[in-house]
Amino acid sequence: QVQLVESGGGLVQAGGSLRLSCAASGSIFSINVMRWYRQAPGKQRDLVAAITSGGSTNYADSVKGRFTISRDNAKNTVYLQMNSLKPEDTAVYYCNADVSRTMTGPMYQYWGQGTQVTVSS
């Protein structure tokens, strides 16, 4: 089994910063793409940022220039540095990863349990 555990959420004032972490553990051979999603109350879950094992990144337009995704492949961990936070960034943030459990096995997608980020105005 594979587990993704997020940490680093909390309450911050507008203009502030937070750093989210997501550590993958368990039966892991390799991790391809790692992603951060977010879901605000009453809204769909949206992709925030993604990073490949080689370090290529992409971002939602709403966070470009403010958020930075990075990863430590040796630790199977992905980070999301969030700067210049706005009230509209308030959401539950979820980690997501494409994981292969064996050298020749398929990739499966796993999700973390989510961490709350609240930005006050």
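Since the structure is predicted, the reported quantities are computational estimates derived from the model, not experimental observations. Note that these values count all heavy atoms, side chains included, but never hydrogens, waters or copies made by symmetry.
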Looking only at non-hydrogen atoms, find the nearest pair between [X] and [Y] and report the distance.
X      : Y      : result
Gln113 : Val5   : OE1-CA, 3.8 Å
Leu18  : Leu85  : N-CD1, 3.8 Å
Ser100 : Thr102 : OG-O, 2.6 Å
Arg38  : Ser62  : NH2-OG, 3.4 Å
Gln39  : Ala91  : O-CB, 3.5 Å

May I ask you to test the Val117-Leu11 pair for a side-chain heavy-atom distance under 4.5 Å?
no
Quick one: does Tyr79's side chain get under 4.5 Å of Leu20's, heavy atoms only?
no
Go through the steps for Asp72 and Val78 under the test side chain to side chain contact (heavy atoms under 4.5 Å, CB included), then give the verdict.
CA-CA 6 Å; Asp72 184 332; Val78 63; over 6 Å; no
According to the ring-ring contact (aromatic ring centres under 6.0 Å, His included) rule, which pairs have a member within residues 99-121, sequence neighbours left out?
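Matches after skipping sequence neighbours: Tyr37-Trp111.
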Restricting to side-chain contact (heavy atoms from CB on, under 4.5 Å), what partner residues turn up for Ala24, sequence neighbours left out?
Leu4, Ile28, Ile31, Asn76
Trace of the side chain to side chain contact (heavy atoms under 4.5 Å, CB included) decision for Ser53 with Arg71
CA-CA 8 Å; Ser53 56; Arg71 64 190 281 176; 4.1 Å; yes
Would you kindly check if the NZ (Lys) or CZ (Arg) of Arg45 is within the cone defined by 45 degrees around the ring axis of Tyr94 and under 6.0 Å from the six-membered ring centre?
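Geometry flag: set, cation within 6.0 Å and 45°.
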Begin from the C-alpha positions of Asn83 and Ser17 and carry the test side chain to side chain donor-acceptor pair (under 3.5 Å) through to its verdict.
CA-CA 4 Å; Asn83 299 328; Ser17 298; 2.9 Å; yes
Indicate whether any N or O donor in one side chain lies under 3.5 Å from an N or O acceptor in the other, for Thr118 and Gln116.
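Result is yes, a qualifying pair exists.
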Between the main-chain N or O of Arg66 and the side-chain N or O of Ser84, is there a donor-acceptor pair closer than 3.5 Å?
no
Residues two or more places apart in sequence or in another chain: which of them pass side-chain hydrogen bond (donor to acceptor under 3.5 Å, both in side chains) with Arg35?
Asn96, Asp98
Looking at CZ of Arg19 and OG of Ser7, how far apart are the two atoms once the value is rounded to the nearest 0.5 Å?
9.5 Å
Taking Lys86 first and then Asp89, would you say they form a salt bridge - that is, a charged N and a carboxylate O separated by under 4.0 Å?
no
